[in-house]
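Reviewing the structure listed below.
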Amino acid sequence: MPNSIFPATTAGPLAAVAPLHAFTTRALSFRGGSTAADWAELARLINAPDVSIVRVSQVHGRRVVHVTPGVAVPPDLEADAIVCTDPGRGVAVRVADCVPILIADEAHRVVAAVHAGWRGTCASVATATVEAIAGLGISPAELVAAIGPSMGPCCYQVDERVRTAFLGMTPDAAAWFTEDGPGHWKLDLWRANADQLVMAGVPRTSIAVAGVCTGDDRARCWSHRRDGAGAGRMVAAIRLSK
Ligand SMILES: [Zn+2]
């Protein structure tokens with residue numbers, strides 16, 4: 001039985017300050033009949049068997065939901081980032097190539113989980129999340145973040161449509177693309193999201209990039225691009241210590 005979660009080193013500085021988090025491997029699938037068992041196992045892994053893990057209906061946008069004590073979050077709520085200040089609940093996003101980002105400031109009692117595929121990255125969902133946290137009076141300079149296993153710049157080929165969308169957002173996006181044959185580019189969503197976090201005020205040294213590519217690491221990762229419709233999902237989850 002392979003490990004259900006990636007080693008803490010995957011999360012770099014986040015692991016040091018926010019021990020209650022996990023990036024799952026393909027040992028858990030979060031699909032079919034095993035979903036409930038997988039969520040229960042994940043809750044156990046982040047030492048949260050007694051708390052619920054909030055997730056939302058991910059739609060590749062930039063909406064941020066704030067989970068506060070006593071306020072219910074319906075699972076069909078459409079959003080791609082969850083900020084949590086409730087120590088009684090964890091938060092999670094599901095991915096299978098898209099970029100999962102976990103953010104924390106334990107001292108100021110906030111954590112967040114972000115789902116950033118190309119559309120979400122183009123919409124600056126990571127920036128929106130940091131801005132939402134800043135709106136709570138918490139300085140982005142205090143945040144620590146980890147960019148989890150997802151399709152890397154080695155494998156993530158995109159076409160003109162995607163590049164045009166990014167360049168329409170900001171000329172800075174040119175740095176995230178590498179030519180890869182006529183009409184195609186490799187897109188570095190790890191760098192794009194790290195740059196967005198930095199531009200929002202998170203120190204570069206406080207951001208870990210796992211550097212694990214779902215397209216290459218067959219042993220540990222699900223990949224929608226590689227495995228197709230039968231792909232499971234990998235989950236990034238985090239909670240505050242109590
Ligand atoms: Zn790769």
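Keep in mind that this is a model prediction, so the values were computed, not measured. For ligands, and for the atoms within them, numbers begin at 1 and follow the listed sequence.
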inquiry  = Need one value: angle at the Zn ion (ligand 1), Asp216 atom OD2 versus Cys213 atom SG, rounded to 10 degrees.
reply    = 110°
ask   = To the nearest 10°, how many degrees is the angle Cys154 SG to the Zn ion (ligand 1) to Cys155 SG?
value = 130°
key: Contact summary for Ser223 and Met151, nearest pair of heavy atoms   = OG-CE, 3.7 Å
query = Any donor and acceptor pair, going by atom type alone, linking the side chain of Arg225 with main-chain N or O of Thr214 inside 3.5 Å?
reply = no
message = Looking at the Zn ion (ligand 1), is there an N, O or S atom belonging to Asp217 that lies under 2.8 Å away from it?
response = no
request  = Please check if any side-chain donor atom of Gln196 sits under 3.5 Å from a side-chain acceptor atom of Thr121, or the reverse.
outcome  = no
remark   = dist Arg220:CZ -> Thr10:OG1 (nearest 0.5 Å) comes out at 6.0 Å
